[in-house]
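Sequence lines set the chain letters: A, B, ... in the order given, protein chains first and strands last, and positions in each chain run from 1. What you see is a predicted model, and the numbers here were worked out from it, not measured in a lab.
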Number of protein chains: 2
Amino acid sequence: MSEMARQTVTESELLDRALDLFRCYGFEGVSLSRLSAATGLEKASLYYRYPGGKEELANAAVGRVIEWFQANVFDMLKTDLPPRERVLVVVEKLREFYVDGAKPCVIDVLSLPGGGNELAASLKLATEAWLVSFAGLSMAAGLSEEEARLRAEDAVALIEGSLVIARATGETGAFRRTLHRLPAFLTERDQL
Amino acid sequence: MSEMARQTVTESELLDRALDLFRCYGFEGVSLSRLSAATGLEKASLYYRYPGGKEELANAAVGRVIEWFQANVFDMLKTDLPPRERVLVVVEKLREFYVDGAKPCVIDVLSLPGGGNELAASLKLATEAWLVSFAGLSMAAGLSEEEARLRAEDAVALIEGSLVIARATGETGAFRRTLHRLPAFLTERDQL
DNA sequence: GTCTATATTAAGATAGAC
DNA sequence: GTCTATCTTAATATAGAC
């Protein structure tokens, strides 16, 4: 272990800070200089860890956030708790992730062109997994497969859209209301 | 009139092409070289018309699209047609503007940081005008002021969010379904 | 009013010392 | 593994001819 040089920032700290930049400024809006400033590592050191540069860093950061969603949202919605209980837990996780509407959605901001094919493919997969996950919960709550899919699309759209409204206007009310309704919206009939 | 030099591209053509770049690639994703290629004007000529450079061009392009929304959406929703008829017209205008879900929303893409204060302020005003406009229509259809405001927020969020889903996944079904439901959604009770 | 040519700055990226 | 220093390219922006 004596050869193990102490890293100035851990891998997870580095990716957390990179993700925060990418989700707020977009792929094109983040430069290696800003990444260097945010992580405390010089550009050359970032290239040492991520030879593919900004694109590889963004892919790694997005990979981490997808893992987080897998554990805290997708898998959580498949536990054996009652459906409504599962959603209540997920709502709190989402509230935390989006900081009550103050932070943008990674899918939204990073799905603009510029991030490369791998990034686009990851976000596409993650979005579809999110829809499938919400739909699965709705089916567990008793909705038909068709109803569940539509409900899932509406729920994800309401979250994404209310975050857009929050970024454009500074008002997070719509987002917070969307989260508050999410349990009923995904589990009860006659919603939309 | 003999001194009036024929412009290679008209002002409106130029701004239309600029807007198409900005809404698809974001402010940071559009360079003057791309604007030059898309408009057929050299960079120096773009600076002649817009001394403020990319930022002034984006502001002008967004100003035009806001005028379009004012005429085709906000004002249209205040005509003396029956409320449902008004929405049907607006739905077709929105379908056209978003090319059936294939083109992103200007508010979404250009509200990322980088576009400057004036752009951010324009988008904020436009978003609030959109919400007020939808809410006014819902009130004309008989909903209470409070109900109408919530319905408007949900409608705009569903549009924005379904466009995000479309960009991330390539599937425009959610967006087209949102437009299809919009008349009932804005005018009838018991929707959400 | 548009062009060519160029200045200036910042970006992405690498070499090599420690 | 991180640094300083540097390369290369592309971006914003301007000068001056036509």
Rounded distance in Å - [atom1] ([X]) to [atom2] ([N]):
| X | N | atom1 | atom2 | result |
| --- | --- | --- | --- | --- |
| B/Leu35 | D/dA13 | CG | P | 12 Å |
| A/Tyr48 | D/dT4 | OH | C1' | 17 Å |
| B/Leu57 | D/dA13 | CG | P | 11 Å |
| B/Arg49 | C/dC3 | CZ | C1' | 13 Å |
| A/Leu46 | C/dA15 | CG | C1' | 17 Å |
| B/Glu42 | C/dC3 | CD | P | 5 Å |

One thing to verify: whether [Y] and [X] come together as a salt bridge, which I'm taking to mean a side-chain N less than 4.0 angstrom from a carboxylate O.
| X | Y | result |
| --- | --- | --- |
| B/Glu145 | B/Arg149 | no |
| A/Asp154 | B/Arg181 | yes |
| B/Glu92 | B/Arg95 | yes |
| B/Arg23 | B/Asp108 | no |

Counting only side-chain N and O atoms of B/Ser45, is one of them less than 4.0 Å from OP1 or OP2 of C/dG1?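 So the side chain of B/Ser45 is outside the cut-off, no N or O lying under 4.0 Å from OP1 or OP2 of C/dG1.
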
Taking atom CD of B/Glu118 as the centre, report whether more than 12 heavy atoms of other residues, nucleotides or ligands fall under 6.0 Å from it.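 No.
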
Filtered N/O pairs between nucleotides 9-13 of chain C and protein, under 3.5 Å:
residue: C/dA11; atom: OP2; partner: A/Ser33; partner atom: OG; Å: 3.4
residue: C/dG12; atom: OP1; partner: A/Lys54; partner atom: NZ; Å: 3.3
residue: C/dG12; atom: OP2; partner: A/Leu32; partner atom: N; Å: 2.7
residue: C/dA13; atom: OP2; partner: A/Tyr47; partner atom: OH; Å: 2.9
residue: C/dA13; atom: O5'; partner: A/Tyr47; partner atom: OH; Å: 3.2

With sequence neighbours excluded, what pairs up with B/Tyr47 under the ring-ring contact (aromatic ring centres under 6.0 Å, His included) test?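 Partners of B/Tyr47 by the ring-ring contact (aromatic ring centres under 6.0 Å, His included) criterion come out as none, since no residue qualifies.
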
